[in-house]
Novice: 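Structure provided below as structure tokens; questions to follow.
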Amino acid sequence: MRDHSPGELRDRRHWNYAFWIQNQLTVVGDRTSDPGGAIARQEWITELGLWYEEPTDPADWMPVIGPVAAQIESHFNQTCCQLARTLHTTGVIERSVGRTVPVIIHELEYYEAIARRTKAANPPGLADEFTAWVRNG
């Protein structure tokens, strides 16, 4: 294991989700805590022609549902990027936070697709520090 410079450690704490406060403000589309969102999620996925019922045989998950789930995830990521761009262009982020900050479109891991999504979600140059960190980590 290599030693990390103070700058690398600062960047990791700054950008890595594992170092952020882990509070659950909401779970969007959860049947229990957000039943209205769950209905909207099902309607949206149905409109995309991608709604499915859980398979009864777990062996069917990857070959049958996996490709459909990947399409849903792709649409969801595109929607998140569009929403972030809209929040930037309408000034909602700057008014809410007091300055322009990048919107990070992420998962628990960081890889090239995360960098691309985040770049697409923000005005040019705003997420450069984050995308450089993902790519050069």
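Hydrogens, waters and symmetry mates are skipped; everything else that's a heavy atom, side chains included, is used.
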Novice: Which side-chain N or O atoms in residues 49-64 pair as donor and acceptor under 3.5 Å with protein atoms at least two apart or in another chain?
Specialist:
unit_1 : atom_1 : unit_2 : atom_2 : d
W51    : NE1    : E53    : OE2    : 3.3
D57    : OD1    : A59    : N      : 3.0

Novice: So for atom CZ, which belongs to R31, do other residues, nucleotides or ligands contribute more than 12 heavy atoms lying within a distance under 6.0 Å?
Specialist: no
Novice: Assess whether atom CD of E109 is packed by more than 12 heavy atoms of other residues, nucleotides or ligands within 6.0 Å.
Specialist: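 No.
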Novice: Between G29 and R41, which heavy-atom pair has the shortest distance, and what is it?
Specialist: O-NH2, 2.9 Å
Novice: Hydrophobic cluster mates of V97, side-chain heavy atoms under 4.5 angstrom, ILVMFWY only, any path?
Specialist: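 Answer for V97: L83, L87, V92, I93, V101, V103, I105.
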Novice: Taking the side chain as every heavy atom from C-beta outward, state whether E107 and R117 have any atom pair closer than 4.5 Å.
Specialist: yes
Novice: Which pair of heavy atoms, one from T90 and one from T86, lies closest together, and at what distance?
Specialist: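 What the structure gives for the nearest pair is OG1-O, 2.7 Å.
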Novice: Side chain to side chain donor-acceptor pair (under 3.5 Å) with D34: which residues, sequence neighbours excluded?
Specialist: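 Checked D34 against side chain to side chain donor-acceptor pair (under 3.5 Å); zero matches.
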Novice: Quick one: closest heavy-atom pair of H88 and N122, and the distance?
Specialist: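 Here H88 and N122 meet closest at NE2-OD1, 2.8 Å.
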Novice: Drop me the distance from Y110's OH to R135's CZ, to the nearest 0.5 angstrom.
Specialist: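 It comes to 15.0 Å.
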Novice: Please answer: with hydrophobic residues joined when any side-chain heavy atoms are less than 4.5 Å apart, are V68 and F76 in the same cluster?
Specialist: yes
Novice: Nearest 0.5 Å, please: how far is CD in E112 from OG1 in T131?
Specialist: 8.5 Å
Novice: Would you say I39 ends up clustered with V28 if hydrophobic residues are merged whenever their side chains have heavy atoms under 4.5 Å apart, either directly or through other cluster members?
Specialist: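 No; tracing contacts between hydrophobic side chains, which count when under 4.5 Å, never links both residues.
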Novice: Are more than 12 heavy atoms from other residues, nucleotides or ligands located less than 6.0 Å from atom CZ of R95?
Specialist: yes
Novice: Do you know which two heavy atoms are closest between T118 and A127, and how far apart they sit?
Specialist: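 So the minimum-distance heavy-atom pair works out to CG2-CB, 3.7 Å.
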